[in-house]
Amino acid sequence: LFLMVWGFAGIGKLVDGVPSWFDGKFGKTFMATFPGLTATFWTLAISELLAFALAAAALASGEFLERKPLKLIPIALVWSLFVFLQLGFGQWLTAEYNGAIQQYVYFSGTLLSLQFVLAMPAAHSPGAGQN
């Protein structure tokens with residue numbers, strides 16, 4: 001799921017660049033002066049691409065098979081929380097409250113996923129099962 005969410009979002013931004021509506025939506029906010037709209041857009045794009053890369057690395061490492069200690073999955077989830085905060089902040093800033101509440105739900109679901117992953121049995125920790 002995170003591969004799709006961040007892959008489509010990040011790669012789409014990378015391929016298409018700054019959309020024409022971006023200035024109209026955020027041009028009247030403080031982000032137009034600091035850090036600037038272009039920097040704001042690319043910061044978000046890089047954040048999404050990093051979340052995609054972390055999720056892809058976690059999948060490629062096979063952590064989901066529960067044979068290795070979980071290292072990348074928690075990092076990918078924490079980074080996803082950060083990206084959802086960025087997206088939600090932008091929507092609150094522009095008074096898009098319906099979208100902002102959706103980001104809150106995504107954030108909450110990700111936080112629950114992180115709590116589940118961190119609470120997994122010690123069998124997934126390094127050195128477990130060596131008696």
Side-chain angles (χ1 to χ4, degrees):
L1 179 63
F2 286 98
L3 283 171
M4 289 188 315
V5 169
W6 301 134
F8 284 120
I11 294 169
K13 284 178 178 65
L14 186 64
V15 170
D16 298 335
V18 181
S20 58
W21 54 262
F22 201 76
D23 182 46
K25 183 172 182 176
F26 294 102
K28 295 181 181 181
T29 68
F30 73 90
M31 289 190 301
T33 55
F34 180 80
L37 294 181
T38 302
T40 298
F41 177 82
W42 288 112
T43 299
L44 180 59
I46 291 167
S47 295
E48 290 171 342
L49 288 168
L50 181 57
F52 171 71
L54 287 167
L59 181 65
S61 73
E63 287 184 10
F64 66 95
L65 296 173
E66 300 181 7
R67 295 181 187 149
K68 296 180 178 182
L70 300 178
K71 295 178 183 175
L72 293 171
I73 291 174
I75 294 169
L77 291 171
V78 168
W79 190 257
S80 293
L81 290 171
F82 175 69
V83 180
F84 285 132
L85 281 174
Q86 287 178 303
L87 293 167
F89 178 73
Q91 291 185 322
W92 279 104
L93 192 62
T94 57
E96 288 191 28
Y97 302 117
N98 288 332
I101 196 67
Q102 289 174 346
Q103 294 304 318
Y104 174 78
V105 171
Y106 297 148
F107 182 92
S108 298
T110 304
L111 188 59
L112 286 173
S113 298
L114 178 62
Q115 291 298 318
F116 176 78
V117 166
L118 293 177
M120 292 185 80
H124 303 292
S125 62
Q130 297 176 355
N131 294 326

Distance (rounded to the nearest 0.5 Å) between Leu87 CG and Glu96 CD:
11.5 Å
Minimum heavy-atom distance Val117-Pro74, with the two atoms named
CG1-CG, 3.8 Å
Applying a strict under-4.5 Å side-chain criterion to I, L, V, M, F, W and Y, I'd like to know whether Phe82 and Phe107 cluster together.
yes
Hey, can you tell me if Trp6 and Phe84 have their rings parallel, tilted or perpendicular (30° and 60° cut-offs)?
tilted
When you compare the side chain of Thr43 with that of Pro35, does any pair of heavy atoms fall below 4.5 Å?
no
Do Val15 and Leu3 belong together in a cluster built from hydrophobic side chains that touch within less than 4.5 Å?
yes
State the OG-CG distance between Ser80 and Leu111, to the nearest 0.5 angstrom.
12.0 Å
Rounded to the nearest 0.5 Å, what separation is found between the NZ atom of Lys28 and the CG atom of Leu93?
13.0 Å
Test of understanding: clusters of I, L, V, M, F, W, Y form through side-chain heavy atoms closer than 4.5 Å, transitively. Do Ile75 and Ile46 belong to the same one?
no
Looking at CG of Leu37 and CE of Met31, how far apart are the two atoms once the value is rounded to the nearest 0.5 Å?
7.5 Å
In terms of heavy-atom contacts, does CZ of Phe26 have more than 12 from other residues, nucleotides or ligands at under 6.0 Å?
yes
Does a side-chain heavy-atom distance below 4.5 Å link Ile73 with Leu70?
yes
List the atom of Val83, the atom of Ala51, and the distance in Å for their closest heavy-atom pair.
CG2-CB, 4.4 Å
Are any side-chain N or O atoms of Gln91 and backbone N or O atoms of Ala100, one a donor and one an acceptor, separated by less than 3.5 Å?
yes
Val5 and Leu1, any side-chain heavy atoms less than 4.5 Å apart:
yes
If the threshold is 4.0 Å, N to carboxylate O, is there a salt bridge linking Lys71 and Glu63?
no
Of the non-hydrogen atoms in Leu49 and Gly10, which two are nearest, and what is the gap between them?
CD2-C, 3.5 Å
In terms of heavy-atom contacts, Leu14 and Trp42 come closest through CA-CZ3, 4.1 Å
Could you grab the distance from atom CG of Leu59 to atom CZ of Phe2, nearest 0.5 Å is fine?
13.5 Å
Do Trp92 and Tyr106 sit in one hydrophobic cluster, given that two such residues count as connected whenever their side-chain heavy atoms are within less than 4.5 Å of each other, even indirectly?
no
So if you build clusters from Ile, Leu, Val, Met, Phe, Trp, Tyr with side-chain heavy-atom gaps below 4.5 Å, do Phe8 and Phe41 land together?
yes
Spacing of CD belonging to Gln86 relative to CG belonging to Leu44, to within rounding of 0.5 Å
5.5 Å
